[in-house]
Each structure stands twice: as C-alpha cells, then as structure tokens.
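Right, one structure below, let's go through it.
Just follow the structure's listing: the first ligand is 1, and inside any ligand the first atom is 1.
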Amino acid sequence: MAHSVKHVPVSFIVSNCSFVVFVWYFVVALAVLETVNADSVFSASHTATVQTAAARDLRYLLYDVNPPEGFNLRRDVYIRMASLVKTLRKNGDDWVLVLPPWGRLYHWQSPNIHQIRIPWGEFFSLTSLQANVPVIEYEEFIAENGGPFIDQVLVLQNYAEGWTDGKWEEKVDERPCIEKLMYSKDKQGYYRGWFWGYEQTRARNVTCISAQGHASIMAPVLQNNITVTSVMLDRAETLLHDHYAGKDYWDTRRSMVFAKHLRLIGDDFRAKYLNSTDDRDHTVYSEDWTRMKAKLGSAKGGPYLGVHLRRKDFIWGHREDVPSLKGAVKKMRSLMRKHKLDKVFIATDADEEELKELKKLLPDMVRFEPSIEDLELLKDGGVAIIDQWICAHARFFIGTSVSTFSFRIHEEREILGFDPKTTYNRFCGDTEKECEQPTHWKIVY
Ligand SMILES: Nc1nc2c(ncn2[C@@H]2O[C@H](COP(=O)(O)OP(=O)(O)O)[C@@H](O)[C@H]2O)c(=O)[nH]1
Ligand SMILES: [Mg+2]
C-alpha cells in the first residue's frame, strides 16, 4: 500500500509536464461531445439475472491506462488486473485477461518508427504470462469474439466528493462521469474512442464508475451487475493492488519474463562490452519462472556498476530528489572506487545535450546504443527492456528516486537473487537533506 502511494507523485509530474500529451488530450476532448446515456449497469434488472448454467461462461476482461502513464507503471497495472482476474476465476466464470496492445506512449519518441498496436509478445514471453493467469493478445480476442466489439466499457474514476469525512473506505458506485468522456457515439449507436489504435473497435455501452479500493473490489460488480461477455476497465490505474508485494503480486511479477530475443541481445552485450556471463556471475536464469527461486545473495553480477539515470520530466520539475549530472557522476565514481569496478553501464532517457555533457564528464561510460535498423526491430520498449536487463545483472545498481523504471530493475534483481544492499540504492539530489533509500521488497514464493 505504501508503495502504491509512492507512485502518485510520479504520475502527477508526468501528467503536468507532458505538454504534448496535454495538447493531444485537449484535442481529443474537444472531439468528444456526446455524453453517456447508458443503461444502468447497477439496475435491478441486471442484478436479478441469476446464472443457473453449470458450465462456466467464457468472459473477457480488457483494460487500459491513463494515456500519459509510461511503460513501467503500465506493467504495474497489469499486476493489479491479473489479480482481479484470479479473483474472478475463483468465484465463477472462466475469465480471460486481454492484453492491451502497446503504443502511443509519450516516452517512445524515436522518429519514423511504427510504435502502435504492438502485441505483448514483442516484449514479454506469453507462455510465461499464461503460466500465471489466462491471457490473450487483443487480436486473438477479436478473432474469438467474432469482431472488434467490446460489450461494456467502464470508465473508472475517483469520487467527485473525495473521501467522505476524511475517512478512507473501499467502495464502488455507478456515478456520472466527472471528466469529459473520451468516447463518442457513432451513427450506428456504437461508442468510438481510443482502442489502442484499432479504429474498427467499438463499444456497445460506456458507463462511469467511481471506485476507491483494491482491484478485486470490482469482482462483485463484474459478476453480479454485469452479464455481458466482454468488459473493459478504462483508467484501470484507479484501482490499487490487492496486496502489494504479497505472494500473488510476486507470482504475477515473476511471470512477466522478458521476451527471449531481448534477453539474448542484452546477454550478448554484457559478454561483449562488460565482461559478464551468467555462469561466472551466478545469474543463471530459468526459462520456467515457476522454477526460479534464487537464494538472496547468491547472485554476484557482472563486474560493472549499473546505473539508471532518469532525466526528462524528472528534471523539468526541478525535483529535489534528482541529482545534477555532475552530482550523479561524482556518486558513480565513488561507487566504482568502493566496489572496485572499472566499468559503468548507464541506462538513461537523457536528451542529446545532456548525453554530450555526460560523455564529457564520464568518457568511459558504456551505453546500449542500437542502430536505426535495430531500433526499428526492437522499438523504444525493447531498448528500455534491454537497458533494464543489463542493469539487473550489474554487481551493484543505483537508480533514480521513485522511478517505476528503477523499481522494475529492483524486482528483476530480487528475482535473480542479488544481495539487497547491491540493489535498493538511489541517487540523492545535490541539496537533498534526508535521502531516503528505496524499500526492500522480499519475494514471497
Ligand atoms: N531506453 C531507456 N528508456 C528510458 C530510460 N529511462 C526512461 N526511459 C523511457 O521513459 C519511460 C519512463 O516512463 P516509466 O516507464 O513510466 O518510468 P518512470 O516514469 O521513470 O516511473 C520509459 O518507459 C522509457 O520509455 C532508460 O534508462 N533507458
Ligand atoms: Mg512514468
């Protein structure tokens, strides 16, 4: 729980600084003039429909996340949705989670490459995901479902009135939409909107739901108040983790194995430029995540310092907890001395100007820099994963304060069995007084 709260400032900063995203949002909002006039999904007629069939009905849960959110918060939301699907499956119907195609992410700015409608299989191992909870790609859903139709979209939102009497309680209610709806009715009466770039996709119904609580709070609504086959939760990040860092969280997290081709590229790079191999570094990975149970402290890691240096929107806000480049380099040099490492691998989203400065300050730094051809193949998401994979194999790692990109590296290192002292480290701001270090979240197997 404490951890989910920590995410809040990140989204806040992203939402405020992503001017381009803001403008885009505005344009879309203007285009959407229709207000929702939907059947009440909470109406008595729905509730009265008792399921009598013995066979479990096949049902689909789709979801999407607030557009400005980045890749790694989206990975976190997947964990929440997987948890909800597990709850739903325990209670009745045969629910399947439909993976929202990747694309249109604000940070994926490489020019001239096609980055939309990307299936999860390009970034993650589908068989690994499936060993945790039934999932299918969106295009499979279209095929199985007999067309690009989603029966019901539920747009999740907070409560307009906030917490009543300053008291937190879990609740969910159908409410009027607070924000302007991002869906509009077409001539046939279907709802059109952003469905991951699939322009033929439409929804039969759209309703707003105020929800305050953990993901499985939606289970009774999906089971009792809604009887249609496919339901999409939009703004799914509104829901919190059922149990952050509990067994179910870690099962899902461990199942999010990176696609093999990305791991192989990362491994080749480690061998070639960082003198790092799994055998020597005790980071042997099992293809089957259910059998991966490395002892804490067993991984040694390659002879390099791994760094995640988050810039862009993290420095635009002049945040106190993010260092200057000079400050960061000073810290890197001191860590290299302390741990007797003569190589440093840097993953960063720094712009060209900052990169130039960084190279001047630290001429020996190693970075993964794909050619244009490689980038077309891997896309920005694949490059980010390779960066994370290489950082995850370093003898010592230091990341950036409250970056979900860094958090996902922590988890990867925890899975590989690193000593927590080598993982839960972050840069301090140049003038930051209390520089609290990241929390160690232990795997529950
Ligand atoms: N390749 C690469 N991309 C990065 C790096 N840091 C940030 N990014 C990009 O910027 C995005 C940051 O958003 P997000 O994943 O939500 O992480 P957060 O904003 O740091 O919490 C990532 O998804 C990447 O696209 C990095 O070190 N390497
Ligand atoms: Mg982000």
Side-chain angles (χ1 to χ4, degrees), residues 3-18 20-22 65-79 100 102-111 113 115-116 118 120 122-124 236-237 256 258 262 265-266 269 305-317 319 321-323 325 328 332 344-352 354-355 358 365-371 374-394 397-412 426-427 438:
H3 207 70
S4 345
V5 171
K6 272 191 189 166
H7 288 149
V8 172
V10 180
S11 342
F12 179 74
I13 285 157
V14 171
S15 319
N16 275 281
C17 296
S18 305
V20 179
V21 172
F22 176 75
V65 177
N66 194 20
E69 298 297 353
F71 189 57
N72 290 288
L73 183 90
R74 284 164 192 268
R75 286 174 65 188
D76 187 86
V77 175
Y78 170 79
I79 298 179
W102 296 99
R104 205 191 57 168
L105 293 200
Y106 168 69
H107 288 94
W108 294 358
Q109 292 173 340
S110 290
I113 62 168
Q115 308 207 54
I116 204 172
I118 305 172
W120 277 57
E122 288 205 23
F123 298 144
F124 298 95
E237 79 285 354
M256 298 178 83
F258 291 136
L262 301 176
I265 293 170
F269 187 90
L305 173 68
V307 172
H308 175 231
L309 191 60
R310 183 76 160 78
R311 308 306 284 172
K312 294 237 167 89
D313 41 312
F314 274 45
I315 52 169
W316 299 338
R319 273 170 43 178
D321 56 345
V322 177
L325 287 183
M332 289 183 228
V344 52
F345 174 81
I346 303 187
T348 184
D349 62 335
D351 62 22
E352 283 306 316
E354 277 211 317
L355 272 180
L358 197 57
M365 72 170 181
V366 180
R367 288 205 323 126
F368 177 75
E369 291 170 291
S371 63
D374 286 347
L375 187 59
E376 271 171 13
L377 199 72
L378 305 168
K379 312 209 169 61
D380 284 319
V383 174
I385 285 173
I386 293 167
D387 268 348
Q388 289 183 313
W389 186 248
I390 299 170
C391 282
H393 287 77
F397 172 73
I398 183 164
T400 303
S401 178
V402 299
S403 161
T404 55
F405 190 106
S406 292
F407 290 156
R408 301 290 90 83
I409 295 171
H410 297 164
E411 292 161 350
E412 210 63 44
R426 70 148 171 110
F427 288 106

Report task. Tell me, with the steps shown, if R367 and D387 meet salt bridge (charged side-chain N to carboxylate O under 4.0 Å, His left out). Result -> CA-CA 8 Å; R367 288 205 323 126; D387 268 348; 6.0 Å; no
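Distances below 4.0 Å separate heavy atoms of W108 from the following atoms of ligand 1: 25 (O). Interface of A347 with ligand 1, defined as ligand atoms under 4.0 Å from a residue heavy atom, comprises 26 (C), 27 (O). For ligand 1, the atoms lying closer than 4.0 Å to a non-hydrogen atom of T404 are 14 (P), 16 (O), 17 (O), 18 (P), 20 (O), 21 (O).
Between the side chains of D313 and H107, at least one donor N or O lies within less than 3.5 Å of an accepting N or O. A side-chain donor-acceptor contact under 3.5 Å links D321 and S401.
The shortest N or O to N or O distance between E69 and ligand 1 is not under 3.5 Å. For the pair H308 and ligand 1, the shortest N or O to N or O distance falls below 3.5 Å. The shortest N or O to N or O distance between D380 and ligand 1 is not under 3.5 Å.
Here N72 has heavy atoms under 4.0 Å from ligand 1 in both its backbone and its side chain.
Taking a cutoff of 4.0 Å between a charged side-chain nitrogen and a carboxylate oxygen, R311 and D351 do not qualify as a salt bridge.
A cation-pi arrangement, defined by a distance under 6.0 Å to the six-membered ring centre and an angle within 45 degrees of its axis, is present between R319 and F314.
A 4.5 Å side-chain heavy-atom check between L305 and F345 finds every atom pair outside the cut-off. Looking at W120 and P100, their side chains come closer than 4.5 Å, going by heavy atoms from C-beta outward.
Among R311, R310, E369, the residue whose heavy atom lies nearest to atom 20 (O) of ligand 1 is R310.
Ligand 1 lies nowhere less than 4.0 angstrom from a heavy atom belonging to F368.
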